[in-house]
Structure formats: structure tokens, C-alpha cells
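Order of appearance sets the numbers: ligands from 1, and atoms from 1 within every ligand.
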Amino acid sequence: MANPLYQKHVISISDFTRAELELIIDTAVMIKTHPRPDLLKHKVVASCFFEASTRTRLSFETAIHRLGGGVIGFSDSGSTSLAKKGETLADSVKIISSYSDAFVMRHPQEGAARLAAEFSSVPVINAGDGSNQHPTQTLLDLFTIYETQGTLQGLTVAFVGDLKYGRTVHSLTQALSLFGCKFYFIAPQALAMPDYLCDELTEKGINFEFRDNMEEVMDELDILYMTRVQKERFDETEYVHVASKYVLTPEVLDGAKDSLKVLHPLPRIDEISAEVDDTPYAYYFEQAENGVYARQALLALVLNENL
Ligand code: CP
């Protein structure tokens, strides 16, 4: 099967068509049920994390190993010539891409992945650039939603928490807008969904509403997508006020559909109480595990013309 993702950079979720997203999900389903330890044989993937990560880096590296590939890279850019000797990002990318077949990069600056793609001789995969985009998180979110609901079409999804800085929310709303979903945005005023994204949804004719609390829409939801309030962006008093506004407990889930699933990109702090973990709605740990299958699917498609 020839595929349109072969040798393609993965910078923003909006670079994908609906058909390409469906191809990645179908491939993730295939790899989860029938592991393919040969798909990255003789390939080397660079895994370069200029910013902290647990799930993204380790699931990428697990994905590479399980497909039979090799990994080079770093999880602490402090040991690189970029940090120690003032080498530019552009030169670093040229060098690292000459050693590898694909270049996975997380960076704190918005736009860093697109810049890297200009200088890389191999496909660049954005593993998160500042508060901008986190496309591979969206791929695993889509795969998880499909796995739990049997479809992506026409679902009702609430996004709760930090909708301003939460890059996973930005990417996921853009992707789900290709599938006719309805959105509820539930956030403190200071962390509301950015205007440019709301304008984009309006232009596409997507149905979305703002709400003050989860309880008033709970019985309509297929997916409740919780997010972390980013402590580093507030002073202590303001953080406590904002972060305590939306906390999911089993009581808040009263009246939910049996098929509702609670997702969270993780890490969580206090926004989902530990008691929710024991309810049938919690699916965030399975979601994190699905990062391996979604990233296996993406790497397999980017590095193999035919599967
Ligand atoms: N969800 C996510 O990106 O987690 P990490 O920051 O641990 O990679």
C-alpha cells in the first residue's frame, strides 16, 4: 500500500487531511493487534528533547525499539554543543539529520519544529513546540477516542481547564473539526480558548459553546477532555484560585452516559481526583499507553513507502 505520509514532515495537525488521519488510526489499530517488529529495521531515529517529557519521549523511543529501529538523541540539551558552545539550532539540525532517518524534536519555542524542517535532510516530527502544537499527542488522542467510541464522527466533546496555553487542546479541536464533532469549552476566563481558534471553528461552521461548569453538560458528553493548569504561568495565589475551579470527582460524573470516557494528556496535578481512576469512565492511562501504538503507526508510515 503506497501512502501519502512517506517522507513527510509532521509539524502541525492542520497539515493532515481527514484521510491521512484515518490512515494513521487504521495503522495504529493494525499494529496494536498485530505487532510488526520489522518496520524500522536498519533505520535510526533521532529523539531530541530540548524540554522535559516523560510520555512523549519514552513512548516514541519504545515505538522505535518495538519496530526494530535504533535511537540516538538526548533528553537534556544541556549536554549539547548548542547549549555549551553556542551552536545554532539550524546547524544542530543539519548535523543530527545527517546521522538519522527521522528527527523527533520537542522544543520550548513556538515554531521551532517548522524551522527545523527547513534545515533537516530527513522528516521532522514535532513532539511539542511551546504552547503551539503537539500533533502526535493528537494522533494518540484520536486513536483513543476511536478505540473507545468506535467512531470519530459526530461526537460531543468537552474540553476543561487550561484552554489558552494547552497545546493539546488546540491540536485536538482542529483535528476533530474534520469529523463534525460538537465542542463545549469550560475554562476560567483567564484561560479561555484563544480567539483565533474560535474564529477558525466559526469559519468552518463547527458547533461550539462556552459553559461555566461540567455538570450542566455531563449527560450529553462522549468525551470529557481534562487538562492541567500550568502553574508556571501564575503567581501562587492566582494559581490556587484558577486551578481549584475545575476539579473532576466521581460526584461530578453523575448522570454521565455509560460510554463516556475521561481523557487527559497527563501529567495531572489536582484536576482529576484519584477516586476517578476507579470509575469505568477513566481512560487516561490507556490513552498514554496508546501513545506507543499511534507513534509506531506514524513512524512506520513516514519511513516506509509501502506497508
Ligand atoms: N502528554 C505529554 O506530552 O506528556 P509529556 O510532557 O510527559 O511528554
Check your understanding: Judged by atom type as modelled, is there a donor-acceptor pair below 3.5 Å linking the side chain of R36 to the main-chain atoms of I31?
Key ->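 Judged by distance alone, no pair lies under 3.5 Å.
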
Exercise for review: Could you tell me whether a side-chain N or O of N213 sits under 3.5 Å from a main-chain N or O of E216, the two making a donor and an acceptor?
Suggested key: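 It does hold such a pair.
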
Review point. Does R57 come within less than 4.0 Å of ligand 1, judged by its heavy atoms?
Key: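 R57 does not count as a contact of ligand 1 under the 4.0 Å cut-off.
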
Practice item. Using the six-membered ring wherever Trp is involved, compare the ring planes of F143 and Y293 and label them parallel, tilted or perpendicular (cut-offs 30° and 60°). Key: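 Rings of F143 and Y293: perpendicular, over 60°.
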
Check your understanding: Do the rings of F183 and F159 sit parallel, tilted or perpendicular, given the 30° and 60° boundaries?
Key ->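 Correct class here is perpendicular.
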
With heavy atoms of [X] as the reference, note each atom of ligand 1 found under 4.0 Å away.
| X | value |
| --- | --- |
| L266 | 1 (N), 2 (C), 4 (O) |
| R106 | 3 (O), 5 (P), 6 (O), 8 (O) |
| T54 | 5 (P), 7 (O), 8 (O) |
| T56 | 2 (C), 3 (O), 4 (O), 5 (P), 8 (O) |

Check your understanding: When you measure from atom 4 (O) of ligand 1 to every protein heavy atom, which one gives the shortest distance, and what is it?
Key ->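 Result for atom 4 (O) of ligand 1: R55 NE, 3.1 Å.
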
Review point. How close does the nearest protein non-hydrogen atom get to atom 1 (N) of ligand 1, and which residue and atom is it?
Key: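 Here the nearest protein heavy atom works out to P265 O, 2.8 Å.
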
**Study point:** Flag if over 12 foreign heavy atoms under 6.0 Å of CG, D199
**Key:**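 Check passes, neighbour count above 12.
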
Check your understanding: So does Y99 have more than 12 non-hydrogen atoms from other groups sitting under 6.0 Å from OH?
Key ->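 At most 12 heavy atoms, drawn from other residues, nucleotides or ligands, come within 6.0 Å of this atom.
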
